[in-house]
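Just below is one structure, and these are the notes that go with it.
The analysis underlying the following values was restricted to heavy atoms, covering all of them including side chains, and did not include hydrogens, waters or symmetry mates.
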Amino acid sequence: MSGRPAPAPLAWALLLGRTLAAVVVAVTCGLAIWSVLPRAAGWSPSVVMTGSMQPRLHPGDVVLSAPASARTVTPGQIILVTDPAMPSHLLVHRFMRFTPSGDLITKGDANRREDSSPVPPASVRGLPRLRLPYIGLGIVWLHDHSWRQLGLAALAILAACGLLGSAGPGLDDRSGETQGDDPASVDREPQPVPVRRLPERDPATGRFIPARAGR
C-alpha cells in the first residue's frame, strides 16, 4: 500500500523561514504605520535615546505623546518636554514637582537624582500615551555610530523581503515519485495483447478449423 511521502526537510525549512520573514516584515511595517497615523490626532512621536527611564522605557522605543501644557500635567506623570540642557532635543522624564517660581522638576526613573535643570512651563510638549517598542533602534544606532548593528538589521530586513519574494520547493513537491505500488513497473514497455481469431469452417468437410492465437 503506497503512502504520501514525507515533505523534504528543505521544504519545511523554507516554510519556516518564510513564516518568520513574514512576521518580521509585518511587525516592522505595522509599528512604522502606528508611529505615523497618530499624527492625524495631533500626537507627536519621539524616540527614546537613553536608558534613563528604564525599565518603563528603553532606548529605541517610540513614544507617542498627546498635546499637553504645564497647567494640565500633575506630579508623578511622565511628560515630554524640551530638554532645558539641550534645547534642540526632547526629553521624556517623570514630572516630580513644581519649584516656587513655577518651573517643573523632572527625573529619570533610572537616575538617582533629579534633573539639575528646571523645565520652564512653556517647554512642556505633551503626555506620552503609547509606546512602540524598539521601532526606533535604527535611529539610536545611527546616533551612536553603531554601524555593525545598523548593518545587521538592514541585512535582516532585506533578507526577509527577499525570502518572501523568492520561489522554492513547496511541501507538495514530489519529484521522482513513482506511480502505482510496484516500483518495478516504472518505464516498463507496454506488452502486446494477444488476439484470438474466430473459428473458420472447412468448405470441404463442413467442420470448424481450430483457431490459433496470433499477434
Side-chain donor or acceptor of D83 paired with backbone N/O of A85 under 3.5 Å: yes
Expected output: side-chain R94 to main-chain K107 donor-acceptor under 3.5 Å: no
Tell me whether [Y] is reachable from [X] by hopping between hydrophobic residues (I, L, V, M, F, W, Y) whose side-chain heavy atoms are closer than 4.5 Å.
X	Y	answer
L80	L57	yes
V124	L91	yes
W43	I135	yes
V62	V140	yes

Ring geometry between F98 and F95 (parallel below 30°, tilted from 30 to 60°, perpendicular above 60°): perpendicular
For the student: nearest non-hydrogen atoms of [X] and [Y], plus distance:
X	Y	answer
P121	L104	CA-CD1, 3.9 Å
P59	Y134	O-CD2, 4.0 Å
V47	G136	CG1-O, 3.8 Å
S46	L90	CB-CD1, 4.4 Å
P133	D61	CA-OD1, 3.3 Å
P128	V63	CB-CG1, 3.2 Å

Test side-chain contact (heavy atoms from CB on, under 4.5 Å) applied to Q77 and L127, step by step: CA-CA 8 Å; Q77 291 180 316; L127 282 172; 3.7 Å; yes
Stepwise side-chain contact (heavy atoms from CB on, under 4.5 Å) check, T99 with I105: CA-CA 7 Å; T99 65; I105 299 298; 3.5 Å; yes
Atom CD1 of I139: over 12 foreign heavy atoms under 6.0 Å: no
R131, CZ atom: more than 12 neighbouring heavy atoms under 6.0 Å: yes
Heavy-atom check, side chain of H58 versus side chain of V48, under 4.5 Å: no
With H89 via ring pair (Phe, Tyr, Trp, His ring centres under 6.0 Å) - residues at least two apart: none
side-chain contact (heavy atoms from CB on, under 4.5 Å) between L132 and L64, intermediate numbers included: CA-CA 8 Å; L132 302 177; L64 300 175; 4.3 Å; yes
Pair D115-T106, side-chain donor/acceptor within less than 3.5 Å: yes
Stepwise side-chain hydrogen bond (donor to acceptor under 3.5 Å, both in side chains) check, R125 with S65: CA-CA 8 Å; R125 297 298 184 86; S65 302; over 6 Å; no
side-chain contact (heavy atoms from CB on, under 4.5 Å) assessment of I79 paired with H93: CA-CA 6 Å; I79 60 176; H93 271 190; 5.9 Å; no
Steps toward ring-ring contact (aromatic ring centres under 6.0 Å, His included) verdict (W141, H143): CA-CA 5 Å; W141 291 334; H143 179 268; over 10 Å; no
